[in-house]
Enquirer: 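Take this structure first; my questions come after.
Labels below follow one simple rule: chain letters A, B, ... track the order of the sequence lines, proteins then strands, and each chain is numbered from 1.
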There are 2 protein chains.
Amino acid sequence: MNSFTEENYLKAIFHLSAEDGIVVSTNKISETINTTAASVTDMLKKLAEKKLISYIKYQGATLTQSGRQVAAAIVRKHRLWEVFLVDKLGFKWDEVHEIAEELEHINSEELINRLDHFLGLPSNDPHGDPIPDSQGNINQKKLLKVSKLIPGQQGSISGVSEHSSVFLQFLEKSGLTLGANLTIKDVMPFDGSVTLLINDLKEITISREVAKNILVMI
Amino acid sequence: MNSFTEENYLKAIFHLSAEDGIVVSTNKISETINTTAASVTDMLKKLAEKKLISYIKYQGATLTQSGRQVAAAIVRKHRLWEVFLVDKLGFKWDEVHEIAEELEHINSEELINRLDHFLGLPSNDPHGDPIPDSQGNINQKKLLKVSKLIPGQQGSISGVSEHSSVFLQFLEKSGLTLGANLTIKDVMPFDGSVTLLINDLKEITISREVAKNILVMI
DNA sequence: TACAATTTTTAGGTTAGTCTAAATTAAATT
DNA sequence: AATTTAATTTAGACTAACCTAAAAATTGTA
Ligand SMILES: [Mn+2]
Ligand SMILES: [Mn+2]
Ligand SMILES: [Mn+2]
Ligand SMILES: [Mn+2]
């Protein structure tokens, strides 16, 4: 088995390689996991030893088949637990991430499969992120940043790329919740702020920075 | 905060002092936690430093007020999660202990109180053990071992003092489940085995060893 | 291409939790 | 009370995960 720490490294590499391409640098990992680069180097050697990553000195790391599977399993658990916390225990979507960071390390196949059924085999977590299946496959729909849209375009909010509590609370307060329908009214050339209509009801203007972190399906 | 390891030591001392009186010996702890006595000594010093136990060299340890509260909180979490696993996810009572050993360390007051409500504020876990309240108070009813009963006496199964999977499966198979009504028919003088009637229906004979580990309320 | 800046690795240490073997203390037995 | 046995502690070491500071490699730039 892998330790909590090893699992967290694998998860970090998983998320970083999804975002940034394939090879993940020591420094990027050290930032996301909040350790020093020296510590990361130590761990990369160890994970390579265990054949969970391939690692070339001074180049970076990529997950192997088996490393990716381990990482996907952790992400699956994280997201299923988030669904549980929101759907069953009534937490808000901005309150569940930290708790899920702990729950994702609970080690029982049986548990997670029963939980999956108990929750009704959900395909997405409370933030719109797709839940990997038990084989680790992810079915990700193509999503667009609101900042990429032009006036007249429509879309429904299907995800966010920023998960901080303040950001999620802001969205909640503004009515920018998962599933909301957006129509782009105007994009200000000066700073890129976007004026849009939510569910054909409420007009709101958001900064480019906010627009970049809201993902819609067209 | 306390580490997983510290929590496990506190829990062990908690359970041992409930069973065996007050002062808990180094060796008893090392047995229940599966470490060497030397390791236990180290940890006892550390827990005493943190004022979670009082510890006298060569004498043994007892929980302080604050140590007992920490331990009770862990037991509360363990038992609530066991209820969740059985009532909501459909696990059998002999399958949940190991998973609860992991879940009991998840650190969120909010989570555990919401879980408590979600489960309907249960007062006992699937094995009949009482669930401490959020202040750490336990409301334990007086229970008797079946081995202490004499022919003619009646009682309902309200707990077990052995939690191994094999034992629980045996009970299940024999119809000796929580809530079953027992009438003592006969106690064999030779080896102490007990013949009893379950729910006025089925007669069964169990060894003295089994009888010692079934607890009834009269 | 040569030098500077940045990134990454190595070297050497620390802490928590564990272990074995030896020493010490307490308990039991003669 | 003396001695043997059992329980407990101490001493010394190990591993995982981390750190800082220094060295090495890579990358960017003049
Ligand atoms: Mn999350
Ligand atoms: Mn999420
Ligand atoms: Mn249990
Ligand atoms: Mn139990």
Enquirer: Does a salt bridge link B:Glu49 with B:Lys45, judged by any charged N lying under 4.0 Å from a carboxylate O?
Expert: no

Enquirer: Does A:Lys28 pair with A:Glu31 as a salt bridge, N-O distance under 4.0 Å?
Expert: no

Enquirer: Could you please name the option among C:dT24, C:dT9, D:dT10 that lies closest to any side-chain atom of B:Tyr58?
Expert: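 Per side-chain heavy atoms of B:Tyr58, the pick is C:dT24.
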
Enquirer: Taking only the side-chain nitrogens and oxygens of A:Asn27, find out if one of them lies under 4.0 Å from OP1 or OP2 of C:dT6.
Expert: no

Enquirer: What's the closest nucleotide to the A:Thr36 side chain, out of D:dT20, D:dT10, C:dT8?
Expert: D:dT20

Enquirer: Within this structure, what is the CG-to-P distance between B:Asn8 and C:dT18, rounded to whole angstrom?
Expert: 9 Å

Enquirer: Among C:dT18, D:dC18, D:dT10, find the nucleotide with the atom closest to the side chain of B:Thr41.
Expert: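 Nearest listed nucleotide: D:dT10.
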
Enquirer: Starting from C1' on D:dT8, measure out to CD on B:Glu31 and report it in whole angstrom.
Expert: 14 Å

Enquirer: Taking only the side-chain heavy atoms of A:Thr35 (C-beta and beyond), determine which of D:dT26, C:dT18, D:dC18 contains the nearest atom.
Expert: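 The closest nucleotide is D:dC18.
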
Enquirer: When you look at NZ of B:Lys50, are more than 12 heavy atoms from neighbouring residues, nucleotides or ligands closer to it than 6.0 Å?
Expert: yes

Enquirer: Given D:dC18, D:dA21, D:dT9, identify the nucleotide with an atom nearest to the side chain of A:Ala38.
Expert: D:dA21

Enquirer: Considering only side-chain heavy atoms of B:Lys45, which listed nucleotide, D:dC18, D:dT10, D:dT8, is closest?
Expert: D:dT10

Enquirer: Can you figure out which of C:dT18, D:dT9, C:dT10 approaches the side chain of A:Lys57 most closely?
Expert: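 The closest nucleotide is C:dT10.
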
Enquirer: Write down the distance between CG (B:Asn2) and P (C:dT15), rounded to a whole number of angstrom.
Expert: 19 Å

Enquirer: Are B:Glu82 and B:Arg79 within salt-bridge range, i.e. N to O under 4.0 Å?
Expert: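 Here B:Glu82 does not pair with B:Arg79 in a salt bridge, since their nearest N and O are not under 4.0 Å apart.
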
Enquirer: For a quick check of understanding: with a heavy-atom distance under 4.0 Å over all strands, which category does B:Phe4 fall into, base, sugar-phosphate or nothing?
Expert: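 The residue B:Phe4 makes no contact with any strand.
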
Enquirer: Between the main-chain N or O of A:Asp94 and the side-chain N or O of A:Ser165, is there a donor-acceptor pair closer than 3.5 Å?
Expert: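 Flag set: sc A:Ser165 to bb A:Asp94 pair under 3.5 Å.
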
Enquirer: Compare the minimum distances between each of C:dT9, D:dT8, D:dC19 and the side chain of A:Thr26, then state the nucleotide with the smallest one.
Expert: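 Ranking C:dT9, D:dT8, D:dC19 by closest atom to the A:Thr26 side chain puts C:dT9 first.
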
Enquirer: For D:dC18, does OP1 or OP2 lie under 4.0 Å from any side-chain N or O of A:Ser39?
Expert: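 A:Ser39 to D:dC18 OP1/OP2: no side-chain N or O under 4.0 Å.
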
